[in-house]
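One structure is given here, and the rest of the page talks about it.
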Amino acid sequence: MDNFSEDEENVTNILRGMENIYVDTTSISLVDGQEGKLYYRGINVAELVAHSTFEETSWLLLNGNLPTNSELTSFKLELKTLQHTHDKIFRIISEFPLSSSPLLLLQFCLSALSSLENADNYLGQTGMERFIKVIAQTPVIVSAAYRHSLGRPFLEPRSDLGFVENFMYMFSGNFPTKKQAKCLETALVLLMDHGFNTSTFAARTVASTGANLYAVISAAAGALSGPLHGGAGEHVIQLLAEVRQFNDVKKYVHDLLSSGGKIVGMGHRIYKTSDPRAEIFKDLLFRITPEGEKNSDYLLLCQIEQEARNYFRSREKPIYSNVDFWSGAVYKRLGILPTMYSSILAVARVVGWCAHILELSEDNRLYRPRSIYKGKINQPFIPLELRGF
Ligand code: COA
């Protein structure tokens, strides 16, 4: 027998891309793809964006409930106390080429921290401090990596600023206005968790093996870097530049889609209606775009969205703009360069990853799916000298 076949009759269906596969339960966030709603621990994110801070929302995701006043005060203090990272991390970053992506440097530095922090010695321990430490250090590392890419000196974190202001100060060197800080805080709150998205699933998969916290977060950061996931935002800025150069939105969109191309920042595996985060980002972009500004990113994105929606509607495809369609233009307004966009997502999503690791640790079982083998078996080993050139 040269071909091996799994017992395919017992395999009812292969769901490629794991579409519609349920692998576990979670009580961290609910992505309601039919209604276009997102909830963290049962609270609609729209409400959290309006009323909650980065720190409060992080506590909510990690602990399952909103913090009391004293809990919030000590959580903020812990974030400040634990934000200082090893000097070696700054040295590592400075050794890399200026062209290195801040997110991929984060992934590398997290692996390094695995050893610098003796993380394997804490295997199985779920004390909150280690989780707060990784959440607090992520903005410090990505800010240093971003400044390195710009050839600017690193800035130490400050303890007289809130989490978001401190993050903005560390990467830009400027103290943000209240409006700018609120803008980035909205983004961070919106991006903290999103069901079993690919990087969260990667985190849970690696965590299910019992790997240390830094190994888990590093794997999740790697998953986030792809253009189908966290890397989409920066490509939208490229799309805007291309459409401006082409100078005919309708034709650009139609040509791209009819030739089988994709509009980056549109479509979603779960949302079959509009992505609630996209709506909030769109509104935010509208509010921070000066009134009457001609040819603004906001107006151009609206036109691209409109043309693409017309195309999709005529083919009965439920494809809408997703969060990344709008987020990049918001960051651009804040003076942030595209190379940083996926790292901003990492600063937010690390909270969700930590919440998922904690949740999984309560009742873990190794994640280990199966595949149907389609190849040959019993093949002879041909010695190298007989294989030709
Ligand atoms: N532009 C054009 N067509 C799109 C599209 C897009 N942005 N997103 C999905 N489609 C189409 C596909 O071409 C495919 O059409 P077909 O059935 O005729 O072949 C169909 O919709 C299903 O697409 P698929 O890529 O299989 O869906 P998915 O659930 O696997 O993918 C994404 C989800 C997000 C990966 C996909 O929508 C995408 O690539 N979007 C662009 C990247 C992006 O914005 N990523 C950030 C996500 S938050």
Side-chain angles (χ1 to χ4, degrees), residues 13-23 29 31-34 36-38 45 101 103 187-202 220-240 242-243 249-282 285 297 300-331 338 341-346 348-349 352-353:
N13 216 348
I14 296 178
L15 298 171
R16 291 198 65 240
M18 291 187 275
E19 185 162 7
N20 290 328
I21 287 185
Y22 293 84
V23 294
S29 65
V31 183
D32 182 343
Q34 295 306 319
K37 295 215 162 69
L38 171 64
V45 281
S101 137
L103 180 59
L188 294 175
V189 168
L190 270 179
L191 298 171
M192 268 185 202
D193 199 48
H194 206 233
F196 276 30
N197 63 90
T198 311
S199 58
T200 299
F201 182 66
L224 193 66
S225 67
L228 297 186
H229 190 11
E234 69 182 85
H235 293 286
V236 172
I237 301 300
Q238 236 168 288
L239 170 75
L240 282 168
E242 275 171 30
V243 175
V249 183
K250 190 172 182 167
K251 184 163 163 41
Y252 180 94
V253 170
H254 193 273
D255 287 357
L256 178 65
L257 292 176
S258 55
S259 62
K262 278 183 171 178
I263 301 277
V264 67
M266 296 198 79
H268 199 274
R269 178 62 66 78
I270 310 286
Y271 293 118
K272 297 305 165 209
T273 177
S274 55
D275 175 342
R277 303 164 306 164
E279 286 177 12
I280 294 172
F281 262 113
K282 182 178 181 179
L285 182 62
D297 288 347
L300 191 51
L301 284 170
C302 287
Q303 284 172 33
I304 298 170
E305 183 192 36
Q306 189 59 46
E307 293 303 338
R309 286 285 308 128
N310 289 342
Y311 182 94
F312 295 135
R313 212 177 286 118
S314 67
R315 284 155 184 82
E316 295 182 355
K317 287 188 174 186
I319 299 175
Y320 296 78
S321 64
N322 64 48
V323 66
D324 287 324
F325 192 72
W326 306 97
S327 62
V330 168
Y331 304 146
Y341 300 170
S342 52
S343 301
I344 294 175
L345 179 49
R349 196 56 62 88
W353 297 333

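Reckoned from all heavy atoms, side chains included, excluding hydrogens, waters and symmetry mates. All ligand and atom numbering here is 1-based and tracks the order in the structure.
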Within the protein, residues bringing a heavy atom under 4.0 Å of ligand 1, chain by chain: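 If the criterion is a heavy atom under 4.0 Å, then ligand 1 touches Pro227, Leu228, His229, Ala232, Leu257, Gly261, Lys262, Ile263, Gly265, Met266, Gly267, His268, Arg269, Phe312, Lys317, Ile319, Asn322, Asp324.
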
Ala278 to Val323 - nearest heavy-atom pair and separation: CB-N, 3.9 Å

Where Asn322 and Gly267 come nearest, the two heavy atoms and their spacing: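 Closest approach of Asn322 to Gly267, heavy atoms only: ND2-O, 2.9 Å.
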
pair Tyr320-His268: side-chain heavy atoms closer than 4.5 Å: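 When only atoms from C-beta onward are counted, His268 and Tyr320 do not touch, as no gap falls below 4.5 Å.
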
Salt bridge (charged side-chain N to carboxylate O under 4.0 Å, His left out) partners of residues 310-326, not counting sequence neighbours, each pair once: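 Sorted pair list comes back empty.
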
Backbone of Gln34 reached by a side-chain donor or acceptor of Thr273 within 3.5 Å: no

Ser199 side-chain N/O to Ala221 backbone N/O, donor-acceptor pair under 3.5 Å: no

